[in-house]
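Because the structure is predicted, anything quoted here is derived from the model rather than measured. Worth knowing before you read on, the calculation uses all heavy atoms, side chains too, and leaves out hydrogens, waters and symmetry mates.
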Amino acid sequence: MSFDDVIDRFGTHCAKWDMMEPIYGVPAGDGISMWVADMDFRPPQVVQQAIEKMVAHGIYGYWGGETEYRDAICWWMQTRHGWSVEPDWIFSTHGLVHGTGMCVDTWTEPGDGVVLMTPVYHAFARVIRAAGREVVECELVNENGRYEMDFETWDAKMTGREKLLILCSPHNPGGRVWTRAELEGVAAFAKRHDLILVSDEIHHDLVYPGQDHTPMALIDGIEDRLVMMTATTKTFNIAGTHTGNVIIPDPALRKAFGARMAGLGLSPNSFGIAMTTAAYSPEGAVWVDELVAYLDGNRKLLDDSVNAIPGLSSMAMESTYLGWVDFSGTGMDREEFTRRVEQGARIAVNHGPSFGNGGENFLRFNFATPRSVVAQAMERLEAAFGDLQ
């Protein structure tokens, strides 16, 4: 398989392409879908083979025995991230949005505050509000096109009602790979305000050359309040499995989370277990390295194209396949620049305000698609803002 292969996903119950027109009004006939965060690439052959083996067997009963699955997760975290995980630390959730909801349910009560560093992945706030909790936004500082943390300002916002902090590391949508010093600052902030720290590290495998992701679990002194979340779903483009790893080193936190999981009768599905076990392998690792190299080329194409258009700027991406594009330099209001992108360029993108405070002048572009599609999208974007040349 080549990442350059253009795969027609229409008519496959694909949210990214089949829902583009109903949600964004971008015509299915010639629109380009660059919104929801999945990739237009098939997963590695080792994952496909795992599913083909299940299909060939033809019986889809209850799954028994998770030893290989858990060992694969532990192997991946150790070999790819230098993080030693014990098998009994691992819970399988129905994806990491569900994992987030389980954390909110386990460690907060209705009316409690949950801290987010915004702008940030929009599903966090949706889940928090749906559970009757308060979203407490600690806005990141946009320092010359790079997000920075502002603990002094955030300290002043805390009231004592906050119980949980959700960190996105690496950051979506800004693409930041937080430094060890920044992560130490987050840990200290969580301790100062007695917050459970949930670190969503779903993008940790998609880091560009010259950058090093540090798992929050490797920061000293935070283990007694730390919940780690990882998954194969973004890395290997198998989001439809809805299988996530919630990894909890601390016994007391693990007991509390396990009790809620048991109380809700939750268990993983066999397809997710099989695909995760196959993906977290030497063959999967080779594929990921090839993927990141390809995405890096797409990243450069998007950056160069966007930054050549007067008034537009792309935040420098250190990770993820999600370009965060600032339109404030156009002088246009949000409705106008969004209209030009969606109706003029016929590109479906995520709207910045959905990510919280600080996202008002941004749109998020998913460039995990064949390079020819990215190139076409960038040509359309340039034409849509051609009067600014």
Check your understanding: Can you list the steps and then say if Arg80 with Asp289 is a salt bridge (charged side-chain N to carboxylate O under 4.0 Å, His left out)?
Key -> CA-CA 11 Å; Arg80 302 291 287 192; Asp289 291 340; 2.9 Å; yes

Point to revise | Whether Phe327 and Phe365 hold their rings parallel, tilted or perpendicular, with breakpoints at 30° and 60° | key: parallel

Exercise for review: Provide the closest heavy-atom pair for Pro310 versus Thr330 in the form atom of the first, atom of the second, distance.
Suggested key: O-CG2, 4.4 Å

Practice item. Flag this pair as yes if the NZ/CZ of Arg371 is under 6.0 angstrom from the six-membered ring centre of Tyr294 and inside a 45 degree cone about the axis; otherwise no. Key: yes

Practice item. Tell me, with the steps shown, if Glu336 and Arg334 meet salt bridge (charged side-chain N to carboxylate O under 4.0 Å, His left out). Key: CA-CA 5 Å; Glu336 171 62 14; Arg334 183 167 57 84; over 6 Å; no

Revision key, fill the gap. To the nearest 0.5 Å, atom CD1 of Ile196 lies from atom CD1 of Ile222 at 9.0 Å

Exercise for review: Check the pair Val6 / Ser372 against side-chain contact (heavy atoms from CB on, under 4.5 Å), numbers first and verdict last.
Suggested key: CA-CA 8 Å; Val6 177; Ser372 61; 3.9 Å; yes

Practice item. Applying ring-ring contact (aromatic ring centres under 6.0 Å, His included), run through Tyr280 and Tyr69 and close with a yes or a no. Key: CA-CA 9 Å; Tyr280 280 156; Tyr69 163 71; 8.6 Å; no

Practice item. Report the C-alpha separation of Arg133 and Asp112 in whole Å, then their side-chain angles, then the decisive distance to 0.1 Å, and conclude whether the salt bridge (charged side-chain N to carboxylate O under 4.0 Å, His left out) test is met. Key: CA-CA 5 Å; Arg133 278 66 166 174; Asp112 286 346; 5.8 Å; no

Review point. Does atom CD of Glu68 have more than 12 heavy-atom neighbours, drawn from other residues, nucleotides or ligands, at distances under 6.0 Å?
Key: no

Practice item. Indicate whether the side chain of Asp303 and that of Ser314 have a donor and an acceptor atom separated by less than 3.5 Å. Key: yes

**Study point:** Verify same cluster id: Val114, Leu195 (apolar side-chain graph, 4.5 Å)
**Key:** no

Practice item. I would like to know whether Val374 and Phe367 meet side-chain contact (heavy atoms from CB on, under 4.5 Å); could you show each step before the answer? Key: CA-CA 6 Å; Val374 178; Phe367 57 84; 4.1 Å; yes

Practice item. Of all the heavy-atom pairs spanning Leu291 and Thr235, show the shortest one and how long it is. Key: CD2-O, 3.5 Å

Exercise for review: Check the pair Glu182, Thr179 against side chain to side chain donor-acceptor pair (under 3.5 Å), reporting the backbone distance first and the verdict last.
Suggested key: CA-CA 5 Å; Glu182 286 170 322; Thr179 65; 3.3 Å; yes

**Study point:** Distance, nearest 0.5 Å, that separates OG of Ser84 from CG of Leu218
**Key:** 8.5 Å

Practice item. Check step by step if side-chain contact (heavy atoms from CB on, under 4.5 Å) holds for Thr93 and Leu266. Key: CA-CA 8 Å; Thr93 58; Leu266 297 168; over 6 Å; no

Point to revise | Sole residue of Leu381, Ile347, Thr369, Ile32 in side-chain contact (heavy atoms from CB on, under 4.5 Å) with Gln376 | key: Ile32

Practice item. Would you mind telling me which of Thr232, Asp71, Asp205 makes a side chain to side chain donor-acceptor pair (under 3.5 Å) with Trp76? Key: Asp205

Exercise for review: Count the heavy atoms belonging to other residues, nucleotides or ligands that lie under 6.0 Å from CD of Glu335, then report whether that count exceeds 12.
Suggested key: yes

Practice item. Start with the C-alpha distance between Leu322 and His203, add both sets of side-chain angles, then the distance that settles side-chain contact (heavy atoms from CB on, under 4.5 Å), and finish with yes or no. Key: CA-CA 10 Å; Leu322 304 165; His203 293 279; 4.1 Å; yes

**Study point:** Atom pair CG (Asn237) and CG (Asp38), whose distance is rounded to the nearest 0.5 Å
**Key:** 5.5 Å

Check your understanding: If you round to the nearest 0.5 Å, how far is NE2 of His81 from OG1 of Thr230?
Key -> 8.0 Å

Practice item. Count the heavy atoms of every other residue, nucleotide or ligand shown that sit under 6.0 Å from NZ of Lys53, and state whether that count exceeds 12. Key: no

Review point. With respect to His171, which candidate in Tyr121, Trp324, Trp178 satisfies the ring pair (Phe, Tyr, Trp, His ring centres under 6.0 Å) definition?
Key: Trp178

Point to revise | Shortest non-hydrogen separation from Val227 to Cys103 and the atoms involved | key: CG1-SG, 3.9 Å

Review point. To the nearest 0.5 Å, what is the distance between SG (Cys138) and CD (Glu162)?
Key: 8.0 Å

Practice item. Would you mind checking if Asp250 and Arg254 are paired as a salt bridge, meaning a charged N to carboxylate O distance below 4.0 Å? Key: no

Point to revise | Polar contact flag, side-chain donor to acceptor under 3.5 angstrom, His193-Asp155 | key: yes

Practice item. Please work out which of the three classes, parallel, tilted or perpendicular, describes the rings of His351 and Tyr24, given edges at 30° and 60°. Key: perpendicular

Revision key, fill the gap. Tightest non-hydrogen contact, residues Arg340 and Met332, listed as CZ-CE, 3.2 Å

Review point. Nearest heavy-atom pair of Gly111 and Arg161: which atoms, and what distance?
Key: O-NH1, 3.7 Å

Review point. Angle class for the His213/His204 ring planes (parallel below 30°, perpendicular above 60°, tilted otherwise)?
Key: perpendicular

Check your understanding: Can Asp40 and Lys16 be said to form a salt bridge (charged side-chain N to carboxylate O under 4.0 Å, His left out), step by step?
Key -> CA-CA 9 Å; Asp40 293 324; Lys16 183 179 180 182; 3.2 Å; yes

**Study point:** Electrostatic pair Arg225:Asp194 at N-O distance under 4.0 angstrom
**Key:** yes

Practice item. Can you spot which of Val186, Leu183, Thr214, Ile202 makes a side-chain contact (heavy atoms from CB on, under 4.5 Å) with Ser169? Key: Leu183

Review point. So is Arg299 actually on top of Tyr208's ring, under 6.0 Å and inside 45° of the axis?
Key: yes

Review point. For the side chain of Glu21 and the backbone of Asp18, is there at least one donor-acceptor N/O pair under 3.5 Å apart?
Key: no

Point to revise | Within 6.0 Å of CG in Asp30, more than 12 heavy atoms from elsewhere | key: yes

**Study point:** Spacing of OG1 belonging to Thr153 relative to NZ belonging to Lys157, to within rounding of 0.5 Å
**Key:** 9.5 Å

**Study point:** Smallest separation among heavy atoms of Leu140 and Pro119, with atom names
**Key:** CD1-O, 4.2 Å

Point to revise | Full working for ring-ring contact (aromatic ring centres under 6.0 Å, His included) between Trp287 and Phe3 | key: CA-CA 11 Å; Trp287 184 88; Phe3 295 115; 5.8 Å; yes

